[in-house]
Amino acid sequence: MDIYVSSLPFKLKEAGLKALFETYGEVESVKIIIDKITRQSKGFGFVTMPNEEEAKAAIAGLHGSELEGRILIVSESQQKFQSSVKDSKSKKTSSAYFKGIGKSYRKK
DNA sequence: GTTGAGCGTT
């Protein structure tokens, strides 16, 4: 499950984020978006957790928590897909799967 | 050395 994390301190790095999420469960990978031009941290990143329950626990636990004076914003990712939606055993699949798909009719 | 709404560098 991919988790979107924002409002990160610019001084925070992937290791720190990983450590925070590892507190709530198993962390597969942590990715912090860095500007390709200036190589500066954009202040947000993504955390991938294999266990859904732990991911939710991490979101619930870290979302709104204060880190180095900044309030962390944690939620599930909405743009990338995880390999769990195609499985038929999950009827919920509450992931943002084709959530934003819509048709745009333009008239003139 | 700086900044802060929002979804992915090399």
Side-chain angles (χ1 to χ4, degrees):
Chain A
M1 176 175 192
D2 286 288
I3 306 176
Y4 169 70
V5 188
S6 185
S7 191
L8 302 171
F10 295 108
K11 27 189 163 83
L12 187 69
K13 21 189 170 297
E14 297 183 354
L17 247 190
K18 183 180 181 185
L20 286 177
F21 277 84
E22 277 178 339
T23 313
Y24 291 87
E26 183 183 2
V27 176
E28 184 178 291
S29 62
V30 179
K31 179 152 307 193
I32 290 193
I33 309 304
I34 312 245
D35 189 87
K36 42 185 161 183
I37 309 175
T38 62
R39 309 225 280 213
Q40 187 177 79
S41 176
K42 289 185 179 177
F44 74 96
F46 295 89
V47 180
T48 307
M49 298 186 70
N51 295 326
E52 219 173 63
E53 38 189 308
E54 293 181 345
K56 295 174 196 161
I59 293 177
L62 294 176
H63 184 41
S65 60
E66 184 181 288
L67 180 64
E68 306 211 6
R70 274 76 181 182
I71 303 299
L72 295 182
I73 298 183
V74 186
S75 58
E76 57 182 292
S77 61
Q78 298 179 313
Q79 200 151 75
K80 284 293 175 98
F81 299 96
Q82 51 267 59
S83 314
S84 302
V85 271
K86 61 177 59 173
D87 200 299
S88 307
K89 70 179 180 179
S90 298
K91 55 185 172 214
K92 297 282 291 191
T93 64
S94 348
S95 306
Y97 193 71
F98 291 134
K99 182 166 100 173
I101 301 299
K103 293 194 171 189
S104 301
Y105 296 94
R106 56 176 184 181
K107 57 174 61 175
K108 63 184 303 304

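Lettering follows sequence order; numbering is per chain, from 1. Keep in mind it's a predicted model, so treat the numbers as computed, not measured.
- The distance between atom NZ of K11(A) and atom C1' of dG4(B), rounded to the nearest whole Å, is 13 Å.
- If you measure from atom NZ of K31(A) to atom C1' of dT9(B), you get 8 Å, rounded to the nearest angstrom.
- Summarising the geometry, the separation between CD1 on I33(A) and P on dT9(B) is reported as 6 Å, rounded to the nearest angstrom.
- Checked by atom type and distance alone, the side chain of E54(A) pairs as donor or acceptor with a backbone atom of E26(A) at under 3.5 Å.
- Residues E68(A) and K11(A) are paired through a salt bridge, judged by an N-O separation under 4.0 Å between the basic side chain and the carboxylate.
- A distance cut-off of 5.5 Å between ring centres, combined with a plane angle under 30°, places F10(A) in a stacking arrangement with the base of dT3(B).
- Between the P atom of dT10(B) and the CD1 atom of I32(A) lies a distance of 16 Å, rounded to the nearest Å.
- Between D2(A) atom CG and dC7(B) atom P there is a gap of 15 Å when expressed in whole angstrom units.
- Within the 4.0 angstrom heavy-atom criterion, base atoms lie near L8(A).
- Computed from coordinates, the L72(A) CG to dC7(B) C1' distance equals 16 Å when rounded to whole Å.
- Of the possible donor and acceptor atoms, none in the side chain of S7(A) sits under 3.5 Å from a partner among the backbone N and O of L72(A).
- Nearer the 5' end of DNA chain B, as judged by each residue's closest nucleotide, is the contact made by S7(A), out of S7(A) and V30(A).
- Computed from coordinates, the F46(A) CZ to dT9(B) P distance equals 9 Å when rounded to whole Å.
- A donor-acceptor contact shorter than 3.5 Å is absent between the side chain of E28(A) and the backbone of T48(A).
- As a whole-Å value, the separation of I34(A) CD1 from dT10(B) C1' is 10 Å.
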